[in-house]
Amino acid sequence: IINRLASDVGNVDELLVQALFDLSQLGLMMIAIVCLSVAALPWLALVLPGLAVCFVKLKRFVGASMTQLKRLDQITKTPAISLFSDTLNGLTPMRAFDGCADRSRQALLAALTVNGQSWFWWLLTQRVLGFCRDCMCLGWSSCLVFLSLLLKGYNSPYVFALGLLYSSQLAGNFQWC
C-alpha cells in the first residue's frame, strides 16, 4: 500500500508542474485574446460581466456534479476490482463446483455495469460543460462580429479581423480551464 501511495504522489508531483504551466499559458492567452477584442471594440466590454457570471454559475454547478459523479465512479470501481480479484484467486474452486462460475460472472458483470454507468454520467457531464463553454465562445464571437458590423467606421478592419481571428482560438483554449 505504501509503495502504491508513493507512486501516486510521485505521479502527481510530475504532472502538477506541467498542468500548472499549461493553465498559466492558456489563461494568459485567453486574457490576451479578450483584451485584444475589447481593444478592437470597446463596446464588447459590456458583454464580459454577463459571460463571467454565466461561467462562474456553470462552473460551480457542473463542478459539484462532476465531483459527486467522480466519487460515485470510485466507489463503484472498488467492488468491481474486488470481484475480479476474487475471481482470479478462486479459479480452482469455481471449476470444481458447477454453479460458482456463473454466479461469480454475474456478480462481476453487475458490478462492472454499475461502474460503467457512473463513468458514463461523469463523461456526459464533461461533454455538457464543454458544449456550454463552446456556446459562450460562440456568443463572444457573435457579439464581436455583429458589433463590428454595426460600428464599421469606428476602427480599422484589420484590428477587427485580428480580434476575430484570435477569438476563434478562444473556444479551443477555453475547454482546458
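If you're wondering where the values come from, they're calculated on a predicted model, not measured in any experiment.
Considering SG of Cys137 and CE of Met30, their distance stands at 8.5 Å, rounded to 0.5 Å. To the nearest 0.5 Å, the span separating CG on Leu129 from CG on Asp134 amounts to 9.5 Å. The distance from the CG atom of Leu147 to the CG atom of Leu41 is 5.0 Å, given to the nearest 0.5 Å. Rounding to the nearest 0.5 Å places CG of Leu138 at 4.0 Å from OG of Ser142. Taken to the nearest 0.5 Å, the CG atom of Leu144 stands 15.5 Å off from the CH2 atom of Trp43. Between Asp73 atom CG and Trp121 atom CH2 the span is 14.5 Å, to the nearest 0.5 Å.
Linking ILVMFWY residues whenever their side-chain heavy atoms come closer than 4.5 Å, directly or via other members, places Trp140 and Leu149 in the same cluster. Taking hydrophobic clusters as Ile, Leu, Val, Met, Phe, Trp and Tyr residues chained together by side-chain heavy-atom distances below 4.5 Å, Val114 does not share a cluster with Trp119. One hydrophobic cluster, built from ILVMFWY side chains closer than 4.5 Å, cannot hold both Leu123 and Ile75; they sit in different ones. Taking hydrophobic clusters as Ile, Leu, Val, Met, Phe, Trp and Tyr residues chained together by side-chain heavy-atom distances below 4.5 Å, Val128 does not share a cluster with Met66.
The heavy-atom pair separating Pro49 from Ala45 by the smallest distance is CD-O, 3.3 Å. Here the closest heavy-atom approach between residue Leu51 and residue Met136 is recorded as O-CE, 3.2 Å.
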Given side chain to side chain contact (heavy atoms under 4.5 Å, CB included), test Leu72 with Trp122 step by step and report yes or no.
-> CA-CA 9 Å; Leu72 181 65; Trp122 176 78; over 6 Å; no

Trace of the side chain to side chain contact (heavy atoms under 4.5 Å, CB included) decision for Gln68 with Arg71 = CA-CA 5 Å; Gln68 294 299 324; Arg71 185 174 293 139; 3.0 Å; yes

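A donor-acceptor pair under 3.5 Å links the side-chain atoms of Ser118 to the main chain of Asn115, judged by distance alone.
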